[in-house]
Amino acid sequence: SPTSSPDTEITEYKWAFGDGESARGKAVEHTYESLGTYQITLEVVDSADSVDRVSESISVTAKPEAQFMYQPENPMVGETIEFNGDASTDLEDDIVSYAWDFGDGSMSQGSVVNHEYNRYGDYTVVLTVEDAAGNTSKARRSISVLAPPQPEFLYEPQAPSVSDNIEFDASPSTDPDDNIVSYTWDFGQGNTAEGQTVNFSYNTGGVYDVMLTTEDVAGNTS
């Protein structure tokens with residue numbers, strides 16, 4: 001569009017992009033598949049068939065490609081998660097900066113970093129890499145942070161005797177993000193049971209450690 005002709009009308013605009021591709025039109029778009037320096041030539045023709053050309057060089061650089069992984073794949077609240085951006089690549093320059101946004105208001109710098117989440121939920125983690133030429137690229141991944149179940153139980157009577165029927169009740173147990181699907185009891189003398197509410201009696205007096213293990217739908221246990 002900056003091209004002008006004082007006494008005629010420009011009728012053709014012919015472009016050569018320096019990579020073997022061409023186009024026609026006053027304003028055109030082109031994508032280069034490879035980095036490098038290209039000589040662009042614009043040829044214009046007016047209504048009197050007069051021709052003029054102008055050339056200019058353009059340098060096409062390569063943007064970095066951000067990629068990252070994290071371990072463990074199913075992290076828990078409070079668990080240390082390693083984020084690794086070493087898989088990021090750049091065809092032309094060295095990557096000089098790795099900036100992390102963990103989606104919970106926390107930031108970090110470095111190709112390999114650690115982070116812990118204080119609350120369960122889904123978070124979007126963004127890695128931004130920058131190369132020596134100042135080109136940047138972002139990678140986004142969603143991460144689900146799980147919460148384990150929190151087992152609690154009651155029993156009645158509070159001071160049982162030998163052969164008394166004792167009811168063990170795990171209904172006070174909770175899970176912040178999933179439903180509890182399994183209640184496993186160990187009564188401390190080799191006997192076990194399954195269920196939210198179970199009954200058991202001891203044949204001999206003594207002090208016994210009763211253990212309740214709960215499991216949620218995600219397979220987390222406590």
Side-chain angles (χ1 to χ4, degrees), residues 1-75 81-117 119-146:
S1 58
T3 306
S4 61
S5 180
D7 54 1
T8 58
E9 180 183 358
I10 297 174
T11 57
E12 287 188 85
Y13 299 82
K14 304 176 183 179
W15 300 86
F17 299 110
D19 61 351
E21 299 293 327
S22 60
R24 292 174 180 266
K26 181 185 291 186
V28 297
E29 294 181 352
H30 182 64
T31 301
Y32 289 92
E33 301 298 332
S34 302
L35 58 92
T37 300
Y38 299 91
Q39 189 80 4
I40 303 175
T41 300
L42 168 64
E43 179 181 287
V44 294
V45 182
D46 68 8
S47 56
D49 291 331
S50 297
V51 179
D52 196 13
R53 297 178 183 85
V54 62
S55 296
E56 185 174 335
S57 294
I58 182 173
S59 180
V60 178
T61 61
K63 294 179 65 175
E65 182 179 354
Q67 298 183 56
F68 69 90
M69 301 176 293
Y70 63 87
Q71 289 290 339
E73 294 183 1
N74 299 301
I81 310 169
E82 180 185 89
F83 293 89
N84 190 327
D86 285 341
S88 302
T89 58
D90 194 294
L91 297 175
E92 187 179 23
D93 296 297
D94 292 333
I95 296 176
V96 296
S97 172
Y98 299 79
W100 300 87
D101 182 340
F102 298 111
D104 62 349
S106 301
M107 311 286 184
S108 188
Q109 295 280 339
S111 60
V112 181
V113 297
N114 293 325
H115 185 63
E116 298 177 3
Y117 290 93
R119 294 179 59 85
Y120 72 90
D122 295 325
Y123 299 89
T124 299
V125 180
V126 181
L127 168 63
T128 303
V129 296
E130 182 177 352
D131 65 16
N135 300 310
T136 62
S137 177
K138 296 180 184 290
R140 291 177 171 84
R141 293 188 65 180
S142 294
I143 181 172
S144 294
V145 179
L146 306 176

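Predicted model, so just to flag it, every value in this text is computed and none were measured.
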Novice: How would you list, by chain and number, every residue that makes a side chain to side chain contact (heavy atoms under 4.5 Å, CB included) with Gln109, sequence neighbours excluded?
Specialist: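 Partners of Gln109 by the side chain to side chain contact (heavy atoms under 4.5 Å, CB included) criterion, ordered by chain and then number, come out as Ser97, Ala99.
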Novice: Using the ring pair (Phe, Tyr, Trp, His ring centres under 6.0 Å) criterion, which residues pair with Tyr38? Sequence neighbours excluded.
Specialist: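 Checked Tyr38 against ring pair (Phe, Tyr, Trp, His ring centres under 6.0 Å); matches are Tyr32.
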Novice: Please name the pair of heavy atoms, one in Ser34 and one in Val60, separated by the smallest distance, quoted to 0.1 Å.
Specialist: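 Result for this residue pair: O-CG1, 4.1 Å.
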Novice: For residues 7-17, which side-chain N or O atoms pair as donor and acceptor with protein atoms under 3.5 Å away, sequence neighbours left out?
Specialist:
unit_1, atom_1, unit_2, atom_2, d
Thr8, OG1, Ser5, OG, 2.6
Thr8, OG1, Asp46, OD2, 2.7
Thr11, OG1, Val45, O, 3.1
Glu12, OE1, Arg24, NH1, 2.6
Trp15, NE1, Gly25, O, 2.7

Novice: Within the distance-only criterion (no hydrogens, no angle test), does the side chain of Trp100 pair as donor or acceptor with the backbone N or O of Gly110 below 3.5 angstrom?
Specialist: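 Side chain of Trp100 to backbone of Gly110: a pair is present.
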Novice: Side chain to side chain contact (heavy atoms under 4.5 Å, CB included) with Asp90: which residues, sequence neighbours excluded?
Specialist: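 Partners of Asp90 under the side chain to side chain contact (heavy atoms under 4.5 Å, CB included) test: Pro64, Glu92, Asp93, Ile95, Asp131.
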Novice: With no hydrogens and no angle check, is any side-chain donor or acceptor of Asn84 less than 3.5 Å from a backbone partner on Asp86?
Specialist: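 Judged by distance alone, yes, a pair lies under 3.5 Å.
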Novice: Look only at the side chain of Ser111 and the backbone of Gly85, and say whether a donor-acceptor pair between them is shorter than 3.5 Å.
Specialist: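 No; judged by distance alone, with no hydrogens or angles, the pair does not exist.
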Novice: Return yes if a side-chain donor-acceptor contact under 3.5 Å exists between Ser57 and Gln39, otherwise no.
Specialist: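 Result is yes, a qualifying pair exists.
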Novice: Output side-chain donor-acceptor pairs under 3.5 Å for residues 138-146, partner residues at least two apart or in another chain, one line each.
Specialist:
unit_1, atom_1, unit_2, atom_2, d
Lys138, NZ, Thr128, OG1, 3.0
Arg141, NH1, Phe68, O, 3.0
Ser144, OG, Asp122, OD1, 2.6

Novice: How long is the span from the CZ atom in Phe83 to the OG atom in Ser108, to the nearest 0.5 Å?
Specialist: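 That separation rounds to 10.0 Å.
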Novice: Please indicate whether Asp94 has more than 12 foreign heavy atoms, meaning atoms of other residues, nucleotides or ligands, lying under 6.0 Å from its CG.
Specialist: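 Open: at most 12 neighbouring heavy atoms sit under 6.0 Å from CG of Asp94.
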Novice: Output side-chain donor-acceptor pairs under 3.5 Å for residues 49-56, partner residues at least two apart or in another chain, one line each.
Specialist:
unit_1, atom_1, unit_2, atom_2, d
Arg53, NE, Glu43, OE1, 2.7
Arg53, NH2, Glu43, OE1, 2.8
Ser55, OG, Thr41, OG1, 2.9

